[in-house]
Participant: 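What follows is a structure written as structure tokens; I'll ask about it next.
Just so it is clear, the structure is predicted and the values come from calculations on it, not from any experiment.
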Amino acid sequence: MSCTSEHIDHAIEEFKRQHGLHHVIAFAGGSTTDLHGVHQDDPLAAQYAHLQRERERRIVHDALNALRHYRIAILTSGTRFGFPNNAVEVAQEIGLRTIGVFPHKAVEKGYIMDRLDLSICVKPNYGESAWGDESTVFCKLLDAVIVCGGGAGTLIEMAHLLKMNEALLKYEHALKVIVPIQGTGGVADGLPFMWGKQDIKTACMPHHAVFSGADAAQYILERLDLFTL
């Protein structure tokens, strides 16, 4: 695992060079399957968790089926729960390289998947490690992100991406593409209404609701130059 900014830069560039990777496609979303108002020991909770897992896996699978033949790596938070875990599992089943970016707090908790191709542990700039320390690196590394559900951590990442896109648009650089999957709840459903400059959201997000991984992948293909094989 790499912690300092110098080590992170070197690790990522070497990883891309070694595997011939050109772009990084991220998956961001919730790490829990809790059903509000239902106790965890209620059979309904287990049924809901199973349904959510299968739905998330289908979203990822449909997206990666369209993207798998390009030189991409898949980026998540690297944790072994919820949407990040499902995204990594599907990516590795398909044969794509995976990257996890996470704070040292996640290592302390034992939350990190042990089968990532590249693990990036982000050291805090100040004080003790905390959730969110990794958000800046996560956002800088990705070229596009598919958002499914999500809570406070995902909200931090999306706000940071929108802020980054302000400068990228101003200086005519490639934008960070954001594709929320509507109907999955949380941040994904709220992104079109998130406070921020409307011209930035219009420039980096679909103008229509996206409900499937296949449609999300199609939008990414239209926005990014993935065709250099």
Participant: Surrounding CD of E128 (heavy atoms of other residues, nucleotides or ligands, distance under 6.0 Å), is the total greater than 12?
Facilitator: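 Not buried by this count: 12 neighbours or fewer within 6.0 Å.
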
Participant: Check whether the side chains of S77 and E134 place a donor and an acceptor atom closer than 3.5 Å, and report yes or no.
Facilitator: no

Participant: Nearest heavy-atom pair of F138 and V101: which atoms, and what distance?
Facilitator: N-CG1, 4.0 Å

Participant: Does some side-chain heavy atom of M158 sit less than 4.5 Å from a side-chain heavy atom of P180?
Facilitator: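 Heavy-atom side-chain distance check fails, nothing below 4.5 Å.
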
Participant: Out of the candidates L116, L141, V88, only one should pair with I99 under the side-chain contact (heavy atoms from CB on, under 4.5 Å) rule; please name it.
Facilitator: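 Looking at L116, L141, V88, the match for I99 under the side-chain contact (heavy atoms from CB on, under 4.5 Å) is L141.
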
Participant: Are M194 and I178 connected in a single hydrophobic cluster, I mean Ile/Leu/Val/Met/Phe/Trp/Tyr linked by side-chain heavy atoms less than 4.5 Å apart?
Facilitator: yes

Participant: Between V187 and I156, is there a shared hydrophobic cluster once you connect ILVMFWY residues whose side-chain heavy atoms come closer than 4.5 Å?
Facilitator: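 They do not share one cluster, since no chain of ILVMFWY contacts under 4.5 Å joins V187 to I156.
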
Participant: So do the side chains of R97 and L118 get within less than 4.5 Å of each other, counting heavy atoms only?
Facilitator: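 A side-chain contact is absent here, since even the closest heavy-atom pair is not under 4.5 Å.
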
Participant: Test your reading of the model: is there a side-chain donor-acceptor pair from N65 to the backbone of D62, 3.5 Å cut-off?
Facilitator: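 Not a single qualifying donor-acceptor pair exists.
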
Participant: Is the count of non-hydrogen atoms from other residues, nucleotides or ligands lying under 6.0 Å from H173 atom NE2 greater than 12?
Facilitator: yes

Participant: If we only count heavy atoms from C-beta on, is the T184 to E56 side-chain gap below 4.5 Å?
Facilitator: no

Participant: Would L75 and I25 satisfy side chain to side chain contact (heavy atoms under 4.5 Å, CB included), going step by step from the backbone distance to the final call?
Facilitator: CA-CA 6 Å; L75 171 67; I25 308 300; over 6 Å; no

Participant: Would you say R58 has more than 12 foreign heavy atoms packed within less than 6.0 Å of its CZ?
Facilitator: no

Participant: Quick one: do V122 and H104 satisfy side chain to side chain contact (heavy atoms under 4.5 Å, CB included)? Show the steps, please.
Facilitator: CA-CA 6 Å; V122 180; H104 194 266; over 6 Å; no

